[in-house]
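Only one structure is covered here, and it is reproduced in the block below.
Excluded from the calculations below are hydrogen atoms, water molecules and symmetry mates; all remaining heavy atoms, backbone and side chain alike, are included. Note that the numbering runs from 1 along the sequence shown for the chain. On a predicted model such as this, the values are computed, not experimentally measured, just so you know.
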Amino acid sequence: MKREELKALGLEDSAIDKVMALHGQTVNGLNAQINTLNTEKETLTEQVSQSAKQLEDLSKDNADNAELQAQIKQLQDDKAQLESDSQTKLVEVQTNYAIESALKDAGARDVKAVLPFIDKDTIKLADGKVTGLDEQLKAIQTDKDFLFQPTEPKAPKPSIVTSNNPNPAGQGEVTKEIFDSMTLAQRTDLARNDPDTFKSITEGD
């Protein structure tokens, strides 16, 4: 998302600043999660390597000690299990992250409300790519479209609703909660089509 692209959509500079700030917050949050996962993985890998080297040296120095060899074998088995469990957990975290990101991008009103309809057992993560999710997501959007933001506006011009600014019509409302669940594209569209609502929400934070 570049300023030039938003400018080409007809947004004013103040609205562009708001959109870019929101985009920056989203990107920074995602990068922070990825960095944390990578750091934890590197730390665990280093610990496992050090343990493996210590076990190897200990085994060589005590080759004739049957009891100690049995203990070493148990430690090696425990290490292998730890590696397997850690890798499984890492894949699980990465898969959940990919699913939640996809739901957010698809305009889910509440990601947690959609997750129960996702069959994670059929979703695979390989080389950083997720397979088996797109098909499920499309089916859920079709069968349970009420869980997602509409792709095109179906109501009159949206307006912000706060305790100090009620909307008697009760239709076409963009509340703070709905705004928070919007994708970046939807927020950009709101800023372009209804700058007053966009300004009212963003400046009310």
- Could you walk me through whether Asp77 and Lys73 pass the salt bridge (charged side-chain N to carboxylate O under 4.0 Å, His left out) check? CA-CA 6 Å; Asp77 292 342; Lys73 177 63 168 60; 2.9 Å; yes

- Test side-chain contact (heavy atoms from CB on, under 4.5 Å) applied to Phe117 and Asp143, step by step: CA-CA 11 Å; Phe117 300 102; Asp143 297 339; over 6 Å; no

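The CG atom of Leu90 sits 12.5 Å away from the CG atom of Asp85 when rounded to the nearest 0.5 Å. For the atom pair Gln141 CD and Lys138 NZ, the distance stands at 9.0 Å (nearest 0.5 Å). Note: Thr175 OG1 to Ile201 CD1 = 7.5 Å, rounded to the nearest 0.5 Å. In this structure, Lys104 NZ and Asp110 CG are separated by 9.0 Å, a value rounded to the nearest 0.5 Å.
Checked by atom type and distance alone, the side chain of Gln136 pairs as donor or acceptor with a backbone atom of Asp119 at under 3.5 Å. With Ser200 contributing its side chain and Asp196 its backbone, the two residues share no donor-acceptor pair below 3.5 Å.
Under a 4.0 Å N-O distance rule, the pair Arg192/Asp189 qualifies as a salt bridge. Electrostatic pairing of Lys176 and Asp180 counts as a salt bridge here, judged by a charged N lying under 4.0 Å from a carboxylate O.
Side-chain contact check for Asp78 and Gln74: at least one donor-acceptor pair (N or O, by modelled atom type) lies under 3.5 Å.
The heavy-atom pair separating Val174 from Thr197 by the smallest distance is CB-CG2, 4.3 Å. Taking every heavy atom of both residues into account, Gly132 and Ile123 meet most closely at O-CG1, 3.9 Å. The shortest heavy-atom contact between Leu133 and Ala98 is CD2-O, 4.3 Å. Across Met182 and Gln186, no two heavy atoms sit closer than the pair CA-OE1, 3.3 Å. Closest of all the heavy-atom pairs between Ala108 and Val114 is CB-CG2, 4.0 Å. The two residues Ser181 and Gln149 make their nearest non-hydrogen contact at OG-NE2, 3.2 Å.
The residue from Val111, Leu147, Ile140 that alone fulfils the side chain to side chain contact (heavy atoms under 4.5 Å, CB included) condition with Leu103 is Val111.
Residues satisfying the side chain to side chain contact (heavy atoms under 4.5 Å, CB included) criterion with Lys120, sequence neighbours excluded, are Asn96, Ile99, Ile118.
Both the sub-6.0 Å distance and the 45° axial angle are not jointly satisfied by Arg187 relative to the ring of Phe198.
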